[in-house]
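Single-structure report; data block below.
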Amino acid sequence: MAAPAIVRPSVRQHSIKVELCTPAIGAELSNISLADAAHDPDAIAEIRALWLKHKVLFFRDQDISPMEQQNFAAQFAELESHPFAPSHPEADKLLALYRNLDPSKPEGFVEKASRENIWHADVTYKKAPPRGAILRCELGPDTGGDTIWSNMVMAYEKLPEAIKQRIDGLYAKHSAEHAFGAQMPIADRHAMAAKNPAAEHPVVLTHPETGEKVLYVNTVFTTHFSNFYNFDDIRYGQDFMPEAHHLLNYLTSQAAIPEYQVRLKWRNNTVAMWDNLAVQHYAVADYGKAPRKMLRATLTGTALS
């Protein structure tokens, strides 16, 4: 029989304090230790409810070990490793996002398959994309390196009605090949694509927990609509594809609207937790040669279609 969980007194000394970040998205939570909360189901349930409501949560001053971060994240779902990036040696389910630790590399050098300064949701090329992520700053630059999140539920809500009608019932393909394999030799790229086949998802996703409608296309992985057609306004065959491309570009651009966003200035021991189905994010790469160490836990999701 498993030993009962030990709840440290610090967990329940104070209720969680919630401070909204913007009218659209995000809340900062305080009076909570994530290391301790991992042992308290009531605290986890409260955090989960706030996560679903605000879509991105921020926690400051979380001086926790990699394994404590991993244990906290594991309370929300099974954890998965990234298919192309390294894990932390002390916590095998944490993705190590380390930058500029090698002074021999030139300024602006970014490792292959590691660019995050573009609007995206994580790993949407999988049939079951990650449910969410919990990212902790171990070491950050003095200035720069902010991360921005955008509320894709609001992005859908604010679309013109004519666009909502046009995308109702549309599906889109999401692929890793062009994002991660473009610089590979052709044989390696084909092998990578065969191992990670493209997935098809609804353009308008129904969130599995909240029931909200989400605009679910992104610049990095979404390549094209699977079932787009228009037989009424086509004069010649060349009329067909520009309409589809323009519509996809318009939809992916919605994440960049500031009214849907929240921006976090990282400090060491800050933790961000976001809903990978409901938001997109953009890691601003403006910190030059300053070293940066981030650890991310990825919550396993379920098949979307």
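All figures in this text were calculated on a predicted structure; none of them were measured in a lab.
Put simply, the residue from W274, W51, W149 that forms a ring-ring contact (aromatic ring centres under 6.0 Å, His included) with F58 is W149. Remark: of the listed residues T302, D122, L299, L299 is the sole one forming a side-chain contact (heavy atoms from CB on, under 4.5 Å) with R131. Remark: of the listed residues E28, H54, E46, H54 is the sole one forming a side-chain contact (heavy atoms from CB on, under 4.5 Å) with V18.
Taking 4.5 Å as the limit, every side-chain heavy atom of T206 sits out of range of all side-chain heavy atoms of V214. Side-chain contact between N31 and I16: absent, with no pair of heavy atoms (C-beta onward) separated by less than 4.5 Å. Residues Q69 and L94 have side chains in contact (heavy-atom distance under 4.5 Å, counting atoms from C-beta outward). Using a 4.5 Å heavy-atom threshold, the side chains of V123 and N276 count as separate. Contact of the E138 side chain with the M294 side chain is not registered, since no non-hydrogen atoms from C-beta on lie closer than 4.5 Å. With contacts defined as side-chain heavy-atom distances shorter than 4.5 Å, the pair D61/N269 does not qualify. Here the side chains of L251 and I163 are in contact, with some heavy-atom distance below 4.5 Å.
Heavy-atom neighbours of D142 CG from other residues, nucleotides or ligands within 6.0 Å: at or below the threshold of 12. In the displayed structure, Y250 atom OH is contacted under 6.0 Å by more than 12 heavy atoms of other residues, nucleotides or ligands. Around the CD atom of E200, the shell of radius 6.0 Å holds more than 12 heavy atoms that belong to other residues, nucleotides or ligands. Atom NZ of K17 is surrounded by 12 or fewer heavy atoms from other residues, nucleotides or ligands within 6.0 Å.
The shortest non-hydrogen separation linking S150 to Q254 is OG-O, 4.4 Å. Closest of all the heavy-atom pairs between N151 and A24 is ND2-O, 3.0 Å.
Note that the OG1 atom of T270 and the CZ atom of R267 stand 5.5 Å from one another [nearest 0.5 Å]. From H245, atom NE2 reaches atom CZ of F228 across 10.0 Å, with rounding to the nearest 0.5 Å. Annotation: the span from N71 atom CG to K93 atom NZ amounts to 13.0 Å, rounded to 0.5 Å.
R166 and E161 are not joined by a salt bridge, as no carboxylate oxygen comes within less than 4.0 angstrom of a charged side-chain nitrogen. Using a cut-off of 4.0 Å between Lys/Arg side-chain N and Asp/Glu carboxylate O, E212 and K55 are scored as salt-bridged. Salt bridge annotation for K164-E157: absent, with no cationic side-chain nitrogen under 4.0 angstrom from a carboxylate oxygen. Residues E177 and K195 are not paired through a salt bridge, judged by the lack of any N-O separation under 4.0 Å between the basic side chain and the carboxylate. The pair R136-E68 does not count as a salt bridge, with every side-chain nitrogen at least 4.0 angstrom from each carboxylate oxygen.
Cation-pi geometry between K293 and Y98 is met: the NZ or CZ atom falls under 6.0 Å from the ring centre, inside 45° of the normal. K173 forms no cation-pi arrangement with F225, by the criterion of a distance under 6.0 Å to the ring centre and an angle within 45° of the ring axis.
For the residue pair T222 / H174, a side-chain donor-acceptor distance below 3.5 Å is found, with atom types taken as modelled. Side-chain atoms of D275 and H207 include a donor-acceptor pair closer than 3.5 Å. Side-chain atoms of N218 and T252 include no donor-acceptor pair closer than 3.5 Å.
Checked by atom type and distance alone, the side chain of H190 never pairs as donor or acceptor with a backbone atom of P185 at under 3.5 Å. For Q261 (side chain) and I257 (main-chain N/O), a donor-acceptor pair under 3.5 Å exists by modelled atom type. Without hydrogens or angle criteria, N227 side chain to G169 main chain gives a donor-acceptor distance under 3.5 Å. Judged by distance alone, the side chain of Q62 and the main-chain N or O of L34 form a donor-acceptor pair under 3.5 Å. Judged by distance alone, the side chain of R296 and the main-chain N or O of A96 form no donor-acceptor pair under 3.5 Å. With N196 contributing its side chain and Y125 its backbone, the two residues share no donor-acceptor pair below 3.5 Å.
In this structure, Y216 and H201 have perpendicular ring planes: the angle between them is above 60°, well past the 30° mark. Between W119 and Y282, the ring planes are tilted. Angles from 30° to 60° get that label. Classified by interplanar angle (parallel below 30°, tilted 30° to 60°, perpendicular above 60°), the ring pair F59/F72 is perpendicular.
With hydrophobic clusters built from ILVMFWY side chains whose heavy atoms lie under 4.5 angstrom apart, I134 does not share a cluster with I148.
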